[in-house]
Every structure is written in C-alpha cells, then in structure tokens.
Visitor: 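Dumping the structure here so I can ask a few things about it.
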Amino acid sequence: MPLFTRSNQTPDRAGAATDEGLPSADAEDSTPEEPAAAPSDAAPGKPEPEPDTGNDEPRLAKDTDTPAGTDADETPATPEAGPTTADPDTTTTAPAADPAPRTRRAGLRARHPVAARVLSWTVTLLAAALVLVALLLPNKPADFRLSEFARIPVEALLGAAVLIALPRRPRLVAAVLGGLSLGVLTLLNLLDIGFNEFLGRGFNVVLDWSLLGDAQSYLEDSVGEAGALAAAVAVVVLVLLVPALMAFAVVRLGNLMARHTATTTRATLVLSTVWMTCASLSLQVGGVPIASEHTAAVVRDRAARVKATIRDERGFAKEARADVFGNTPGSELVPDLRGKDIMFTFIESYGRSAVEDPVMSPGVDATLDAKTGELAKAGFHAKSGWLTSATYGGSSWLGHSTFLSGLWIDNQNRYRTVTAGDHLTLTSAFKKTGDWRTVGIMPGVQKGWPEAKFYGLDHLYDAHHLGYQGPKFSWSTMPDQYALAAFQRLEHGRKHDKPLMSEIILTSSHQPWAPIPKTIPQDQVGDGSVYDAIQKAGKKPADVFYDSTKVKQEYGKSIQYSVTSLIDYVVKYGNKNTVLVFLGDHQPMARVSGDKASRDVPVAIVAHDPKVLDKITDWGYSDGLRPAHDAPVWKMSSFRDRFLTAYGSTPRPSKG
C-alpha cells in the first residue's frame, strides 16, 4: 500500500507531514501522481487493502525501510503502483525501493551524521571568529594583545539586527556586501599594520599605492627575486581570499540566524544591553573598553584622512610658492661660505635611538666620541643638535626634501608638488650663486631621477655611474666607503675652478642591516670587487631581521660603519676649506627604535675654519659629534632658513 495517496492529502496535512519528518508538499509535487487502488477481492495469501476511512493522517507501511524521521531532502521518490498477479483489475503498491540520497552532501550526512554535525559547527564557529577578529583587529603592532579581542563590537550587533530583520533574498545581498566591505577594511588594516611597523604611520589610501612598488623592489634587493615573487603571489592570494572568506562567513552566520530567529533575536538584545551597560559605565578589560566601536572609528579616521589629504593637496601648492628667500639674488646667498667646499651628507636611518638606546648607543657613542677626537687632531671641530624628521622608518626622500627645501614634506603628494616647482633648496642656493660646482653622489638611485634639476645639481652620479664592480649589500648597492672613494676620484680629488658643493647619500645603514660592509684600507678599495668575500662572510637578513635584539645590534654596527667611513674620509681628504653638514634622514623602524620613539635625528656641522662654527654659536648646539640629550630640537624644515641666515643670506620673500 502506498505511504500516502494524493487523493486524501490536504495542504494542511501535508504541512503536518513535513513537520513529522515525512515528505513535504514540495517533495510530493515532484512525485508522479498515482492511480487510486480499485476495490477487488483479495488474492490468496495477500492482506486485504484497507478501506478509505476518510482519515487524512498518512499511514506508514511497516514493511518499508524508510524511517519515520527521514529528512525531506533524503526522502525517496514514491514508488509506482502496479496490478497484482491475482487480479488484473486490482492495483497495489510495489515493494519500497532502498532510500537513496538526492545529493552527495546529503549522502555523506546520512552515512556520517556525527562528523557532519561537528564539521558544520566548526565551520560556523570559524566564521564567527573570522568576523569578530576582523571587527576588532588593531592597526598597530603594539596594540596586539588578548584584551583587544575580548570586547563586544557594536558593528556585529547592528549587523545581526539587520540580517535577522531582512527576508531571504535581501538578507543574502546584504550579507555578501557586508562581508566584502569587511574584507576590504581588513586588508586596509593589514596595510596599516605594515606601514605603522615600517613607517610609523597608517596607510594613506590616496597617496601610498605607489609605495607598494618600492616595497617590491626592496624585497628583491633583500631576499632575491624568487622571494619577492613568492611574496607578491602571497599578497595577490590574500587580496582575493580575504574578501571572499569574509563574505562566506557573514552569509553563513546570516543563514544561521534566519533559521533560529527567536534565539538569535534574544541573544542580540541581551548583548546589546550588555554593550550599552559597559559603554555607560566605561567598563574595561586590561585597559581596553569592553564596548567596542573599533571598526566605525577606523572608518571615520580613514575618511578624515582622505579629506585632509585632499585639502592639503589644494593648499600646499600655494605654500610651496611662498619662500622667504625666493627672490634673493645669488650674490646675496651664503656670502660667508664663499670659497668653502660644502658637503651635505645624509646617513640612512641614523636616528636618536642610535645615540640613546641602551642596546645600540654604547657602540655608536664610542664611535662618535672617538671620531670627534680624530677630527680635533686633524684640526677640525664639530657642533651637533637634533632635528625632528618629517618621516619615520623609511621614505628617506621625504626627509631629504624637508631638510633641503625648508618645507614640511611628509607625504608623496607634497614631495611631487614641491619637486615639480622651483622652490629654493640649500643645494640650489649654492648653484644660484654661480660660485660653486654642484654634484650629487646617489648610490641608492638606480633609475632616472629628474629631481636632480630641482635640487640644482650640475652633475649626478647614481648607482650606475660610480664605477662599482662589487656585490650589493642587501638593499645598499655599494659600501659607503666605496661611494666616498668614488666621490674623491670623480670630483673632490680633481682640480676645479670653483669650490665644490656636494649632496651625498650614504646607504650602508639601510635596513635590513645584514650583511654589513667592513672598513678596509683605503688603498684596497679599488673597483669594489674586494667586497665579494666580505659580503659572502656577512650575515643574512633572515638571521637578524626577526630577532629584536640582534637587529638592534646590527643596526648599531651599520651606523658605526657609516659614521666611520664619513669621518675617515674628512680626516684623510678634507682641508681648511672643508665644511661638512651631516645628519640622519629618519629614525629606523619601530622594531629597532621602539614603539614610542621620537622622530628626532642627530645633525652635526664639521669645519676646519673656526669662523664657520662661530656663526652658529647662538644655536646652542653641543660640542662634538654626539649631541647632548637636552641639545636643541628643531623641526627639520626649519634648518634651511636658519642655515641661510647664519651664513649671511638676505631674505627677499616671494609670495604664494
């Protein structure tokens, strides 16, 4: 006999059957309609068909293999009725077929119900954890602690309320869009983490995309092309995977809430009440508020940064056109330095931490003091102080342009704006006089550098024009000692009809601070091939970069090497007309300088002629190469005007 017949199954009872685990009305619709059984005499040995009593309750055949609680998805199709052999006019049901799941997933559930439930709940819990982490993820490495993730995000409560209230199709759309948005925000937070770690600031969604190419080049120089390619592939996978996983997670949680509307509604109301109570009482865990608005705050902050960037872009161009010395003729610029050979030298990542951090400072301070003594024996003297750099951890060109232009250049847009104009720089001031030959020694420049015109350089020696035939030392294309030797060979050691003004960038102290060159006798430098053995014997970046103590130690050694190379050069090749101004461009990254380090860098002026240093007596600088802890601290952008004024330049402003 059939499990039930369409002739006596009303819609209401069909619903009841579904609730009891029997085939639903939808499932029934897909079953071919069966003919009603005709009355006939029972065949011998066969049970008589039960008469239709008018009862709508479907009857279960006791000889079938189908359990009463079978899931609707797993219900076998209703078997067709056929005539009995006893009476051709009588129809009876065929024996029930073995149940077969309609889908592979349903089959796996049927065969492994416990494993299926465990897997389902595991995926759901992982989805919830993924969303929670995304909503509470800090954007600074220093903020990573357990208490950050023990909070109640208000965004989750609002999202839950929306998903519970929406019908199925709008709920699905909202869940997908919400998940994708949360995935994008997570990627931006990860960029913030990287930028805060290396540059001491968050990622600027308007200006910083171009820096990703520089990061790729840095990786190629540090870990090789294969490592950089692997990192690039990993980034692409991450960019595609995170939004997709986040969308899946939100959709899954939304479906779960829809299936258990009453329970999730109560839970959302309870958690909302807890959130409001914690917010009103300012309750905290480990110094972190329990009631979190982290994601909303991040979105507001990012939007504010975008608006500020757009406003700054409009206003800075006018600021760059205004210049205290913009209309000063060349004859009235730096008259007190006429006849002097001027060297403006930047030491990569030379920051205050190198001089004051307990791990690095013993070696660095000893080197500074020893080199001060060597300068004194050679007839030179020095004064030093502090400057606050416009950048931190990287983007050295921002520090260079801030120091030389007298403008605060703290982002790429400002840099592009100022270098595209004709704002006076320290280096172009010397060119404007017509009394100096101006050159640049730039071993870190490996491609076209149109900024040379902005800086007023008559000639530029980049990495390809210094004659170096040795190995690279991680990112640094050549050792500082070699770069200075090439400067001596190509420019300083030659006879000129004018004194020389040079801008020199020393790069051996660039991260990752392994391997580090060693100072060798000057007559052995040659074309640089002597450094092959030194480079091979040096440490690998991976050996030191991820160990906070080792990386500090190696950073300190790199600063000692750069300072030694520079002062040894001045002692050996300097003369009574030599004036050296050297400084750091920025502090090293937070892993070395510390999470709360300042942006201060040392600056020193070295001269043989005592009159040069007499001009800056009122600056209050410390004697020697090592600035005192309480030596004056100025913004780096203020140095240009102070320097030009100290050496006799006449201010003649140009208007913006």
Visitor: Would F473 and W513 count as a ring pair (Phe, Tyr, Trp, His ring centres under 6.0 Å) here? Give the steps.
Guide: CA-CA 9 Å; F473 283 76; W513 306 295; over 10 Å; no
Visitor: If the test is ring pair (Phe, Tyr, Trp, His ring centres under 6.0 Å), which one of F344, F325, F403 qualifies with F643?
Guide: F344
Visitor: State which residues pass ring-ring contact (aromatic ring centres under 6.0 Å, His included) with H423; sequence neighbours excluded, sorted by chain then number.
Guide: none
Visitor: So which pairs with a foot in residues 439-463 pass salt bridge (Lys or Arg N to Asp or Glu O under 4.0 Å), sequence neighbours left out?
Guide: K431-D458
Visitor: List for me each residue that meets side chain to side chain donor-acceptor pair (under 3.5 Å) alongside T427, sequence neighbours excluded, and say none if there are none.
Guide: T425
Visitor: Hey, mind stepping through T417 and E319 against side chain to side chain contact (heavy atoms under 4.5 Å, CB included) and telling me if it holds?
Guide: CA-CA 10 Å; T417 298; E319 180 183 346; over 6 Å; no
Visitor: So, for P627 and S384, which heavy atoms are closest and what is the spacing to 0.1 Å?
Guide: N-OG, 3.1 Å
Visitor: Looking at N411, N204, N413, which hits side chain to side chain donor-acceptor pair (under 3.5 Å) with T309?
Guide: N204
Visitor: Suppose we call two aromatic rings close when their centres sit under 6.0 Å apart. Are H492 and F487 close by that rule?
Guide: yes
Visitor: Report the residues that fulfil ring-ring contact (aromatic ring centres under 6.0 Å, His included) with W449, sequence neighbours left out, ordered by chain and then residue number.
Guide: Y455
Visitor: Under the salt bridge (charged side-chain N to carboxylate O under 4.0 Å, His left out) test, which residues partner K340, sequence neighbours left out?
Guide: D609
Visitor: Which class fits the ring pair H400 and F346: parallel under 30°, tilted 30 to 60°, perpendicular over 60°?
Guide: tilted
Visitor: For R494, give me all partners under side-chain contact (heavy atoms from CB on, under 4.5 Å), at least two apart in sequence or on another chain.
Guide: H496
Visitor: Do Q412 and W397 meet the criterion of a side-chain donor-acceptor pair at a distance under 3.5 Å?
Guide: yes
Visitor: How would you list all residue pairs meeting salt bridge (Lys or Arg N to Asp or Glu O under 4.0 Å) that involve residues 474-483, not counting sequence neighbours?
Guide: none
Visitor: Can you list the residues that meet the salt bridge (charged side-chain N to carboxylate O under 4.0 Å, His left out) rule with D585, with sequence neighbours excluded?
Guide: none
Visitor: Verify the distance criterion only: is there a donor paired with an acceptor across the side chains of S502 and E491 at less than 3.5 Å?
Guide: no
Visitor: Does either side chain, that of S396 or that of H586, offer a donor lying less than 3.5 Å from an acceptor on the other one?
Guide: yes
Visitor: Would you please name every residue forming a ring-ring contact (aromatic ring centres under 6.0 Å, His included) with Y621, sequence neighbours left out?
Guide: W619, W634
Visitor: So, T507 versus S476: side-chain donor-acceptor pair below 3.5 Å or not?
Guide: yes
Visitor: Listed by chain and number, what are the salt bridge (charged side-chain N to carboxylate O under 4.0 Å, His left out) partners of K371, not counting sequence neighbours?
Guide: E374, D568
Visitor: Does a side-chain N-to-carboxylate-O contact under 4.0 Å join D357 and K552?
Guide: yes
Visitor: Answer yes or no: is there an ion pair linking R640 with D323, defined by an N-O contact shorter than 4.0 Å?
Guide: yes
Visitor: Can you name the salt bridge (charged side-chain N to carboxylate O under 4.0 Å, His left out) partners of R305, sequence neighbours left out?
Guide: D192, D301
Visitor: The test is side chain to side chain donor-acceptor pair (under 3.5 Å); show your working for E348 and S509 and say whether it passes.
Guide: CA-CA 5 Å; E348 171 67 36; S509 52; over 6 Å; no
Visitor: Is there a donor in the side chain of E356 and an acceptor in the side chain of S361, or the other way round, less than 3.5 Å apart?
Guide: no
Visitor: Per the salt bridge (Lys or Arg N to Asp or Glu O under 4.0 Å) rule, what does the pair list look like for residues 394-409, sequence neighbours excluded?
Guide: none
